[in-house]
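Structure record follows, encoded as structure tokens.
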Amino acid sequence: MEKSFEPAQIESTWYARWEASGAFKPSGQGEPYCILLPPPNVTGTLHMGHAFQQTVMDMLVRYQRMRGMNTLWQVGTDHAGIATQKIVENQLAVEQKTRHDLGRDAFVERVWKWKEESGSTITNQMRRIGAAADWSRERFTMDEGLSAAVRKVFIDWYRAGLIYRGNRLVNWDPVLGTAVSDLEVNNVERDGHMWSIRYMTADGAASLVVATTRPETMLGDVAVAVHPEDERYAHLIGQLLHLPLTGRQIPVIADDYVDRDFGTGCVKITPAHDFNDYAIGQRHKLAPITIFTLDAKVNDNAPEKYRGLDRYDARKAVLADLEASGLLVETKPHKLQVPVSQRSDAVIEPMLTDQWFVDLTSDVQADGRPGGRKAITEPALDAVRNGDIKFVPENWATTYTQWLDNIQDWCISRQLWWGHRIPAWYDEAGNIFVGEDEADARASAATAPVGALRQDDDVLDTWFSSALWPFSTLGWPANGPVQNERGDVVANWEQDKIFLPSAVLVTGFDIIFFWVARMVMATKYFTGQIPFREVYINAIVRDAEGQKMSKSKGNTLDPLDLIDGIALEPLVEKSTKSLLIPQVRAKVEKRIRKDYPDGIPAIGTDALRFTFAALASYSRTINFDIKRAEGYKAFCNKLWNASRFVLMNVDQVEPDQRKWNNARSNFSDGGLLINRWILSRLQATIREVEEHFRSYRFDLAAQTLYEFVWNEYCDWYIELCKPYFSGDKEGNKDFVSQTALQVLEHTLRLLHPIIPFITEEIWQQVAPRLGFETLSIFDQPYPIAELRLDSIEADREVSWLKATVSKVRQIRSEMNISPGKTIPLLFADGDDGDRARVAKFAAQISFLARTEAPQWIEAGADEPAAAAAVVGTLRVMIPLAGLIDVAAEKARLTKEIARIEVEIRKCEGKLGNASFVANAPAEVVAQERQRIADWNTTLGALREQAGKLQK
RNA sequence: GGGUGCUUAGCUCAGCGGUAGAGCGUCGCCCUUACAAGGCGGUGGUCGUAGGUUCGAUCCCUACAGCACCCA
């Protein structure tokens, strides 16, 4: 083995070998265990959130495979409608073209081309993370099979009356020219103004003042609302107002939506451009007046002078005119929430448009068939409420159910070209025909179309196809094999439906609504099954200071830069390349130069994965600190070197003298306590890790293994082995070698789901020496704890040994005795057990504490002046002569005595409290009594020692 | 306005009714032939504040403060 851990060397070969061997495909044996990859944007790149989430999935898949499950990690990518279309439109913009210049077919062809060019970037990055995914079944939401599923679902829902077309208010992105989901809209706090405007009554006798942050929308006002119980305005209800600048008259209406205490208590109502106003308008049967075009310019419904003005220019003009006519009462600064499109950064304009919707809210249809609430929403709610689907951590179930309880119909049409074109056609009379294709649409229609048919221009929301992911990727709706464009079979519903429901969905909380809920709806409706039994909501990755990672802040990390490392200059270059604003660019560059003066060190995939595991508690954010990752790289190095050392020593035992072979679990401890101890500790570790995997506490699993490897196996077990390795007199060397090797082999398997590369690399060395030949650690069984290997006795004995050695080391250190210097060691008092232990462990004590062979001082014999510590009743002494300053030792003892006295006072306080003794459980009281007894024993011995030092 | 979290060592985080823990950092001594990405030994916390329940509270309850996030 190499002298140190070099991740790049190890990682380069193993992944390709695993993939080529077919190891990632379902074994076909055991219970099905499926994980669905939340399909990333096909043309995207891997970010820290992906890397974290995929590490979690990979740990689960590898773990369950080792446990004998028939695992499938179903992967694929998403066409990401708006995002991908926008990238290609930006490319066209460089050529000074728009998509309209190309035309629909040519544009879509160009997007496909872009997908071919960049579509494998993210999947190749996933391979670097080590993802044990079945790439032979990789799918794309717009491939033929998944598109067929989309069409079938649309048609079935339409024919069941659950999809309808309607003119409704939607979030409109005036830059992209499409409806967007309310989940794709961020409400951003911005500095704005609150303007107060006076509206006179029609007769000019009275007036009221409305407050608004969007004065330009007054051009579309249809009423002013006041609270029905607001005495200030009671007399105006029902009267007509003169709407300034327009010549229109609008009524004063009463609606208890109005907050009397906000502003003036009068609310202007613009139903065509505000969701709340829309609802009020409907309640009062007021026809909305749309005043904007689809690119947010004032339209012909407004007075002529404003027509054609952009929203914000119209605002200026309206304000100026109101001011001129003395109707602008007040202007004051105001913080407001502005809806901003996540996709274009444009301010959203609510707009009345014709769109397609999935009914999720009606109980029953006019013809008596069940409505969307009964048919789609409620089954999805019930699946979580009745526990068929569990969230981890469980409180996310509340988020899910609250959202579904208040759900609106789902607007599924998008005015884009990239996506699944809606399988609906219109005849010249505007009748709708839905079908697989035009012929099917005609054939399925009840009446003959009038004239020619024209297909709907719009495409479906990306999440519509994602909602089908749990079953469409398994081959539905086809019955037989489904092939990809290369002719390879990628799914076969007949066989693959055993993977539904999948075991667990690992995903971020931000798409519980977008995706999780919709998968439950669609999967329940079309297959009658739940899509997954559990939903593990992973934390959001932030930077070390807890800030969101964002390119404009310069605090993003590329997982591959952590794995491979990157020098400062290339890092600056890549981080600022896409930033267009010079100030932002400068800020980011400055930050990067400050945060990473030497660039980013290469930590390797395994260390990155271990870091993710160690951070994956139930908390909702994880702050990623490179320092911590470096610490776990050190852990990998530790494991590497421990393995190297063990292998070196094993090889010194001649093969024909080995008493073991094929010895994975054929343990021969040789009667040695240290072997029984480490085997016992291994069992405890196995049990803990199992528990932590079961509860998705990867942080605790990682910590348990870290502690076992470093604090037990390396710090104590290997050290305890050394005397056997170097100068074994009793012929136990091979028993020690065997156990060291077996425990290492188990440990590698325990660690493999977390750090697959290094464990495979080492295991390839270890396994043959234990006499078993298999290809890969990948499909080895996960270790199972065995009761027969537990040993309380060995735990107790080794605890004593550790305590004794630690006491000697402590004295050495505090007395400034050079670590290299061998010193004498004396024992006094103690019981028979101590005598036996000293005899048994003499060699180890001398080795670990760098002492001469320990000597006993018999009771009553003269004692040399010595520094001392106490283990139970045993006094551990280091003679002072030439080594120790008496005054320093006295000070040390005094401090130790004081510390123990404090502990004793604490115990006395408890035991002196009658109600403690009366009420606390018996074992707690007993424990307290034992403790005080132990402290007193120690204290007595220390005082005696201090007394001796006085002489 | 409704909801969900969080507040523990300098930093990043576990713990959650009975002796406060980890990693990183920091201090001291060591290049002791597995590992200096290391070894040994330290330092460091009135567990956000105030009440309450309890024999006992970092942990349970209430209020408050601060910080996040989600929904309207």
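In what follows, chains carry the letters A, B, and so on, assigned in the order in which the sequence lines appear, proteins first and then strands, with residues in each chain numbered from 1.
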Is the distance from OP1 or OP2 of B/A14 to the nearest side-chain N or O of A/Ser617 less than 4.0 Å?
yes
Tell me what A/Leu700 touches on the nucleic acid: a base, only sugar-phosphate, or nothing, going by heavy atoms under 4.0 Å.
sugar-phosphate
Could you state the atom-to-atom distance from NZ of A/Lys906 to C1' of B/U46 in whole Å?
13 Å
Spell out protein contact along nucleotides 35-43 of chain B as letters: B when the base is contacted, S when just the sugar-phosphate is, - when no protein heavy atom is under 4.0 Å; keep the 5' to 3' order.
B-BSSSSS-
Mind checking if A/Cys907 touches a base, just sugar-phosphate, or nothing, with heavy atoms under 4.0 Å?
nothing
Taking atom types as modelled, find out whether A/Thr361 and A/Asp409 have a side-chain donor-acceptor pair closer than 3.5 angstrom.
yes
Convert the base pairs of RNA chain B into dot-bracket notation, remembering that pairs crossing earlier ones are written with [ ] and that bases paired across to another strand are shown as |; include only Watson-Crick or G-U pairs under 3.5 Å.
(((((((..((((....[..)))).(((((.......))))).....(((((..]....)))))))))))).
Consider the side chain of A/Arg628, meaning its heavy atoms from C-beta on, and name the nucleotide among B/C55, B/G23, B/A14 that approaches it most closely.
B/G23
Roughly how many Å apart are B/C29 and B/G21, using the C1' atom of each and rounding to a whole number?
26 Å
Using the C1' atom as the reference point in each nucleotide, state the distance between B/A57 and B/U46 in Å, no decimals.
14 Å
Rounded to the nearest Å, what distance is computed from the CG atom of residue A/Asp699 to the P atom of nucleotide B/G15?
7 Å
What class does the angle between the rings of A/Phe624 and A/Phe612 fall in, given that below 30° is parallel, 30 to 60° is tilted and above 60° is perpendicular?
tilted
Check whether NZ of the Lys or CZ of the Arg A/Arg681 lies under 6.0 Å from the centre of the six-membered ring of A/Trp710 and within 45 degrees of that ring's axis.
no
Can you name the nearest heavy-atom pair linking A/Trp935 to A/Ile904, along with the distance?
CB-CG1, 3.4 Å
For B/A9 and B/A14, measure between their P atoms and round to the nearest Å.
12 Å
Hey, does A/Gln927 reach any base, or is it just sugar-phosphate, or nothing, if we go heavy atoms under 4.0 Å?
sugar-phosphate
Within the 4.0 Å limit for protein heavy atoms, which parts of nucleotides 67-72 of chain B are touched? Write it as a string from 5' to 3', B for base, S for sugar-phosphate only, - for none.
-SS---
Exceeds 12 heavy-atom contacts within 6.0 angstrom, atom NZ of A/Lys890
yes
Checking salt bridge (charged side-chain N to carboxylate O under 4.0 Å, His left out) for the pair A/Glu896/A/Arg899: CA distance, chi angles, key distance, verdict?
CA-CA 5 Å; A/Glu896 181 67 359; A/Arg899 186 181 72 85; 3.1 Å; yes
Between B/G51 and B/G1 - C1' atom distance, rounded Å:
28 Å
NZ or CZ of A/Lys722 within 45° of A/Phe645 ring axis and under 6.0 Å
yes
Could you tell me whether the phosphate oxygens of B/A34, OP1 or OP2, come under 4.0 Å of any side-chain nitrogen or oxygen in A/Ser643?
no
To the nearest angstrom, how far is A/Ile626 atom CD1 from B/G25 atom P?
14 Å
Roughly how far apart, to the nearest Å, are B/U7 and B/A50 at atom C1'?
16 Å
Measure the distance from CG on A/Asn623 to C1' on B/C6 and round it to the nearest whole Å.
11 Å
May I have the distance from A/Phe624 (atom CZ) to B/G23 (atom C1'), rounded to whole angstrom?
13 Å
B/G38 and B/U32: how far apart are their C1' atoms, nearest whole angstrom?
11 Å
Does the side chain of A/Tyr696 reach to within under 4.5 Å of the side chain of A/Met59, using non-hydrogen atoms?
no
Sidechain N-carboxylate O distance under 4.0 Å for A/Asp625, A/Lys627
no
When the distance from CG of A/Leu404 to C1' of B/G3 is rounded to whole Å, what number comes out?
16 Å
Would you measure the distance from the P atom in B/C35 across to the matching atom in B/U43 and give it in whole Å?
29 Å
For the pair A/Phe698 and A/Phe693, name the ring-plane relationship: parallel under 30°, tilted 30 to 60°, perpendicular over 60°.
perpendicular
Under 4.0 Å between a side-chain N or O of A/Arg697 and OP1 or OP2 of B/G15?
yes
Interatomic distance at C1', B/C59 relative to B/U19, whole Å
16 Å
Identify whether any heavy atom of A/Glu928 sits under 4.0 Å from a base atom; if not, whether one sits that close to sugar-phosphate; answer base, sugar-phosphate or nothing.
nothing
